[in-house]
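Encoded as structure tokens, the structure appears first; notes follow it.
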Amino acid sequence: MPMLFMDLCKVLARIEKTSKRLEMMSLFQEIFQSDPNELVEDDEPIHDKLIYLCQGKLHPDWHGMPELNMAKKMVLKATARAVGVSPSRITEILKKSGDLGNTMGYLKKKKQQSTLFGKEEPMTITTTWNELERIANATGENSQSKKMRILSGILARCSPLEAKYIGRFIESKMRLGMADLTMIDAISRIFASDDEQQKECKAILERGYNIYPDLGTIVKKAFIEGMKSIKQISPVFGIPIRPMLAQRLEASAGFIDKHGGSFAAEYKLDGERLQIHKDGKDIILFSRRLENITNQFPDAIRLIQDCIKPVQAILDAEIVAINPETGKIDTFQVLMQRKRKHDIAAFMQEVPIRIYIFDAMMLDGRSLLEEPYLKRREIVENSIDDEKCDGNIVAVEQSIINNHDELIAFFERAIMEGTEGLVTKSIAPDSTYQPGARGWLWIKLKSLADGKLPDTLDLAIIGVNWGEGRRAGRFGSFFLGAMNHETGNLEMITKVSSGITDELADILYNDLNTVEDIPPNVISVEQPDKWVIPTMIVEIAGDQVTSSDGSTTGFSIRFPRILRLRKDKKIEDISTVDDIKQMA
DNA sequence: TGTGACTGCCC
DNA sequence: ATTCTGC
DNA sequence: GCAGAATGGGCAGTCACA
């Protein structure tokens, strides 16, 4: 008897209830410690599907399978149809509950009470997964109604609890308080009988996942073929490695301490992370989130074929846009125009690219993950054929830093050359490549103050959106406006969410004067859930002023965050559109 | 045939 | 991307 | 400090519909 989707949902509901990690893990283990017959359906083990359903995804990103292409708005419409409630009414409920899944469960329950039909055939793990895959596979003309029909069908036959997690899955927001790493931790406990063994199993699973980033397959393999099979996984051509990440440090003072003395520093370029896989003439490119982006960059493929010396390699790099007029590095916004499927040839001319390589994870079949940083850096430098590449593939600018002054000098040089700042890297012998880890071996330095804008901005709150999940029932984000002195209007510049603490949310919940209609003198293209009579002012940091079609001012802020409330400021004192224009 | 709503993925 | 929070 | 969750600007692609 295969496991029912309802059985999984019951466990998920219990996991969601607790915030204690040990309890979550022990509940999660129950799923995989069921009667062995339950973990097989149609002669196929279902461990992988169980994991995917818990992760809110059908496949790992790098498989290139179609996405659901269905999210909040379409789920809302489909739900409206299935339960016979108007979309506007559902929107209203949703604003209050802050959770699409909960809303669907609630509506389903109400609907059930008013109907007398018996239950249909219950959904199993596999049938549920198959139905969701049908949604993903619907493409082309009429596909939106087809997706909604399939979802309506699921909702017609499922229970309120199942409806809840179907909704969560489609939104890709499982909200279990438990994700990949905690799942690995939990699974490792099944394979271990004591603490030491558990640590070892966890390390093996994590390593396996980091170099074969498909948790469903890893867990299935562990159960079917044993932990030994996970140990044998190694970095290979065509399978992306989870990229190593850097921590962030605000000031420049902590770097010597964190690195324990001298360290390396590299320019941090404002482009797109690029993981290069080369095997002879075969090249595959992966993005930071492990999407296969090979087709976007035929020019990069050619460069790599011509200029990378090793036959087989996996390299870590940043790809940036080059301004064809000036030959200088162009902005991230320009590079993003290369994120396309059509007119690729034309945009290769319009937005040429350059590749900055900064690490090597595999060389001629041999894993370099355990090699120290300096050794890997040397391999990077030796891998590039400088004569052939004409400066289009380069090792990223690097320097060894011995003291604070050198760090500042190198940072300022980096900024002068139009980069985002520096990534500093430990040069200790144990400075290995740690896939997936955001540890302190790598630290990024983006500015010496908070935010990279020369100044912070003081902007007025002109609107609010309700929050979801953890922020349900409170504000999730604020619409912020700047003063246009020529017209006397407050023009919307950006929304902001980062920096809202529970405390700030509470204060503003009481102090903001929300209204239904847009106040006079407020100008905004986008519509918030509620307008606000502008009296409250917040101080904002950001990294850049961007050129924006979404704002009447033509400007917005990249990475906006709230620093503090400015109760001392008056509307007349806030930043002006001209102030912002001058920072662009 | 053009446009707006929606979605996914870069940062 | 940034930031906050519970463990 | 880790892991997870909630949110930002802005790009292209797709589909529905006028």
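Note that this is a predicted model, so its numbers are computed, not measured. Just so it is clear: chains get the letters A, B, ... in the order the sequence lines come, proteins before strands, and each one is counted from 1.
In this structure, A/Tyr209 has no ring-ring contact (aromatic ring centres under 6.0 Å, His included) partners at least two apart in sequence or on a different chain. For A/Thr79, the side chain to side chain donor-acceptor pair (under 3.5 Å) criterion is met by no residue, not counting sequence neighbours. Scanning for ring-ring contact (aromatic ring centres under 6.0 Å, His included) contacts around A/Tyr433 gives A/Trp442, with sequence neighbours left out. Residues passing the side chain to side chain donor-acceptor pair (under 3.5 Å) test with A/Asp579, sequence neighbours excluded: A/Thr576. The side chain to side chain contact (heavy atoms under 4.5 Å, CB included) search around A/Lys339 returns A/Gln296, A/Met336, not counting sequence neighbours. Among residues two or more places apart in sequence or in another chain, the ring-ring contact (aromatic ring centres under 6.0 Å, His included) test is passed with A/Phe478 by A/Phe475. For A/Trp129, the ring-ring contact (aromatic ring centres under 6.0 Å, His included) partners are A/His59, not counting sequence neighbours.
Summarising the geometry, the separation between CD on A/Glu23 and P on C/dC7 is reported as 11 Å, rounded to the nearest angstrom. Rounded to an integer number of Å, the gap from CG of A/Leu274 to C1' of B/dC9 is 15 Å. Rounded to whole Å, atom C1' of C/dG6 lies 16 Å from atom CE of A/Met178. Straight-line distance from the CD1 atom of A/Ile557 to the C1' atom of C/dT3: 17 Å, rounded to whole Å. Rounded to whole Å, atom P of B/dT7 lies 10 Å from atom CG of A/Leu100. Taking atom CZ of A/Arg471 as the reference point, atom P of C/dC4 lies 9 Å away to the nearest angstrom. Counting to the nearest Å, the P atom of B/dC10 and the CD atom of A/Glu318 are 12 Å from each other. Taking atom CG on A/Leu68 and atom P on B/dT7, their separation rounds to 11 Å, with Å as the unit.
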Listing time: all N or O pairs from protein to nucleotides 2-6 of chain B that are below 3.5 Å?
unit_1	atom_1	unit_2	atom_2	d
B/dC6	OP2	A/Lys73	NZ	3.4

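To the nearest 0.5 Å, atom CD1 of residue A/Ile462 and atom CD1 of residue A/Ile518 are 7.0 Å apart.
Without hydrogens or angle criteria, A/Thr432 side chain to A/Gln434 main chain gives no donor-acceptor distance under 3.5 Å.
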Which donor-acceptor pairs under 3.5 Å do the side chains of residues 134-141 of chain A make with protein atoms, sequence neighbours left out?
unit_1	atom_1	unit_2	atom_2	d
A/Arg134	NH1	A/Glu131	OE1	3.1
A/Arg134	NH1	A/Glu131	OE2	3.2
A/Asn137	ND2	A/Glu133	O	3.4

Sequence neighbours left out, cut at 3.5 Å: what donor-acceptor pairs do the side chains of residues 60-73 of chain A make with other protein atoms?
unit_1	atom_1	unit_2	atom_2	d
A/Trp62	NE1	A/Pro213	O	3.1
A/Lys72	NZ	A/Glu468	OE2	2.5

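Within the nucleic acid shown, A/Asn142 comes within 4.0 Å of sugar-phosphate atoms alone, with no base atom in reach, counting heavy atoms only. Across all strands shown, A/Arg338 has no heavy atoms under 4.0 Å from either base or sugar-phosphate atoms. Among the atoms of the strands shown, only primed sugar atoms or phosphate atoms (P, OP1, OP2) are found under 4.0 Å from some heavy atom of A/Ser547. Here A/Leu176 lies in heavy-atom contact (under 4.0 Å) with sugar-phosphate atoms only.
Using a 4.0 Å cut-off on heavy atoms, the residues of residues 496-504 of chain A that approach DNA chain C are A/Ser498, A/Gly499, A/Ile500, A/Thr501, A/Asp502, listed by number.
The side-chain tip of A/Lys95 does not point at the ring of A/Trp466 from less than 6.0 angstrom away and within 45° of straight on.
Contact annotation: A/Arg470 side-chain N/O to C/dC4 OP1/OP2 distance is not under 4.0 Å. Between A/Lys268 and B/dC11, a side-chain N or O to OP1/OP2 separation shorter than 4.0 Å is absent. Between A/Lys446 and the phosphate of C/dT2, there is a side-chain N or O to OP1/OP2 separation shorter than 4.0 Å.
Chain A approaches DNA chain D within less than 4.0 angstrom (heavy atoms of the protein), and the contacting nucleotides run 5' to 3' from D/dG1 to D/dA16.
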